[in-house]
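This report refers to the structure that appears directly beneath it.
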Amino acid sequence: MNVLVLNVGSATVKFQLMQTDMERIEKDADETLAKGLVERIGGEAVLTLWTQSRGSWRTSASIRDIAGAISWILRWLTSEDSGVGITSIADIEAVGNRVVHGGERFAQSVLVDEEVLKALEDQIELAPLHMPFNLAGIRAVKEALGGIPQAAVFDTAFHSTLPETSYLYAIPYSLYRRHKIRRYGFHGTSHRYVAYRYRQLTGKTREETHLVTLHLGNGCSACAIRGGDSMDTSMGFTPLEGLVMGTRAGDVDPAVLDFISVKEGLDLRGVENLLNKQSGLLGISGLTNDMRELLEEAEEHYDRRARLAIDIFCYRVRKYIGAYLAAMGGADAVAFTGGIGQNSPVVRAAVLDGLEWAGLVLDKKANKTMVGNKSGRISTDESSLAAWVIPTDEELLIARDTVRMVLGVSTRN
Ligand code: AMP
């Protein structure tokens, strides 16, 4: 089955065309036929494209809005130029959409119909920065491809198993009842995928899976997975809470919001923007949100604030590992993923430094070689708490959930 996976943002559309079905899923033999990224939608958009047969290239095109981007992608996928090998949009059999927020209603992926679309619209206020664009993508597909099966795969769904003790904030309970203010958690598709791959790599059953997963990219989150289910996670009501991220502060004392507002003459929206867009690695270093660049600045130019940003980043991750080990009563492994988690032996070593008390001893050689798309264990054989690097693949999981739903098979894995 040819499944188009879409991840629609405010000015970007990320897509991937995958060939997958139950047999390919069983054999882990799903294939990516084409993928790409459309950026700067609203003007002269930049397109980064790749196909299995022709490799990668870049081009530009005038693209007005999300619907325009999606029709461009569909035209390109079916053109001779792309070399994908499909000639009609009818060859695309289903679409899987990444949707940021499923609220309390959607505990798993779902096929989109009018009722679901309406329920998603009701949830826009929970993620006003993302949901309108996710929904615009779904509507644009409907416009272009008619009644094609469309799935919604939620960033929050994997965390629907959080117990009340993890998801409730200690604010008046009535606020939860009235406005559903609670921890939802995000990056769920990534944490779920890493837990699934971990089981494949170790031969453990779902029930035996006790893990701390660390998604460290431009956005960062940690997840405590007990018996295969998410039991706590660091992102909260929004993705702002928890770890230090590229431009997000993560945990701060909420009283600081008013203080910043008074001192800096900003309204609440301005302060929130500061915590989302000007904080984290960028805020501390004053240089960049890009970890690779910070590592270069710290190592080659001894930049003090670049070093400080890296140190605070790593310390916060370590603190969460400790908290989750205590909350879960121990775990079997810590698993790194995301751009930083998959590619930076230096950050991984700094995060795990001093975790010998928990039985985790880093295998320095294995850590050094585990970069790019490699997965493997990076702790010594004697470690009672293992460390793994497991590259994430959210698109694959979205495509597989879509296939399963179209075929009426359970998406639980
Ligand atoms: P993501 O959001 O998952 O694409 O991750 C982006 C982050 O990964 C950026 O901060 C990059 O600097 C970081 N990253 C990518 N490659 C490396 C690398 N080789 N070493 C350190 N950080 C990296």
Side-chain angles (χ1 to χ4, degrees), residues 5 7-16 35-39 48 50 56 98 100 129-130 155 186-194 197 213-223 234-235 239-240 242-250 276-301 303 305-314 316-317 335-353 362 364 366-376 378 389-398:
V5 175
N7 181 357
V8 180
S10 60
T12 60
V13 176
K14 212 172 147 190
F15 69 93
Q16 190 157 331
K35 60 183 171 182
L37 174 67
V38 186
E39 291 172 287
T48 313
W50 177 94
S56 45
R98 179 181 184 184
V100 163
L129 300 180
H130 298 99
D155 267 19
F186 298 86
H187 284 156
T189 313
S190 178
H191 292 295
R192 179 180 149 208
Y193 179 81
V194 170
R197 263 297 173 231
T213 47
L214 303 166
H215 181 112
L216 308 180
N218 197 32
C220 299
S221 67
C223 183
S234 58
M235 284 177 166
L240 181 53
L243 303 179
V244 174
M245 314 184 205
T247 61
R248 295 189 199 122
N276 264 308
K277 304 245 168 81
Q278 297 164 44
S279 298
L281 294 174
L282 171 67
I284 301 164
S285 70
L287 290 173
T288 172
N289 62 324
D290 189 293
M291 181 57 93
R292 200 170 4 189
E293 285 173 30
L294 284 178
L295 287 164
E296 272 169 29
E297 287 299 326
E299 276 153 30
E300 286 163 29
H301 306 117
D303 188 281
R305 283 190 26 213
R307 168 64 58 205
L308 191 60
I310 299 163
D311 289 349
I312 295 172
F313 178 95
C314 296
R316 181 84 57 90
V317 179
F336 288 89
T337 199
I340 301 170
Q342 288 168 216
N343 292 300
S344 180
V346 174
V347 169
R348 291 191 303 247
V351 165
L352 299 177
D353 188 30
L362 186 70
K364 290 187 181 140
N367 183 39
K368 222 174 229 164
T369 55
M370 217 63 74
V371 288
N373 242 5
K374 282 199 211 142
S375 46
I378 56 165
V389 176
I390 301 180
T392 194
D393 196 340
E394 292 159 281
E395 282 77 14
L396 179 63
L397 209 147
I398 294 171

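We count ligands from 1, going down the list as the structure has it; atoms in each ligand are counted the same way. These numbers come from the heavy atoms of this one structure, side chains and all, not from hydrogens, waters or symmetry mates.
With hydrogens left out, the protein atom closest to atom 9 (C) of ligand 1 is M291 N, 4.1 Å, a heavy atom. Of all protein heavy atoms, the one closest to atom 7 (C) of ligand 1 is I340 CG1, 3.8 Å. Among all non-hydrogen protein atoms, the one lying nearest atom 17 (C) of ligand 1 is N343 CB, 3.5 Å.
Contact atoms of ligand 1 toward L295: 21 (C) (distance under 4.0 Å to a heavy atom of the residue). Each of the following atoms of ligand 1 lies closer than 4.0 Å to a heavy atom of G217: 1 (P), 2 (O), 3 (O), 5 (O). Near N218, the atoms of ligand 1 lying under 4.0 angstrom from a non-hydrogen atom of the residue are 1 (P), 2 (O), 5 (O), 6 (C).
Counting heavy atoms under 4.0 Å from ligand 1, residue V346 does not touch it at all.
Some N or O of R292 is nearer than 3.5 Å to an N or O of ligand 1, by distance alone. Of the N or O atoms in D290, one or more lie within a sub-3.5 Å distance of an N or O in ligand 1.
Shown are L397, N7, T189; of these, the side-chain contact (heavy atoms from CB on, under 4.5 Å) with R98 is made only by N7. Between T337 and the choices R197, H215, Q342, the side-chain hydrogen bond (donor to acceptor under 3.5 Å, both in side chains) rule is met once, by Q342.
The main-chain N or O of N276 is found under 3.5 Å from a side-chain atom of T247 such that the two form a donor-acceptor pair. R348 places a side-chain N or O within 3.5 Å of a backbone atom of M370 that can act as its donor or acceptor partner. At least one donor-acceptor pair under 3.5 Å links the side chain of S285 to the backbone N or O of L281. Between the side chain of E394 and the backbone N or O of H187 there is no donor-acceptor pair closer than 3.5 Å. With hydrogens and angles ignored, the 3.5 Å screen pairs a side-chain donor or acceptor of R305 with a backbone N or O of I284.
Of all the listed residues (G341, S190, P345, G339), G339 holds the heavy atom that lies closest to atom 3 (O) of ligand 1. Looking at G372, P391, S344, it is S344 that brings a heavy atom closest to atom 20 (N) of ligand 1.
Taking all atoms of both residues into account, the shortest heavy-atom contact from A222 to L214 is CB-CD2, 3.7 Å.
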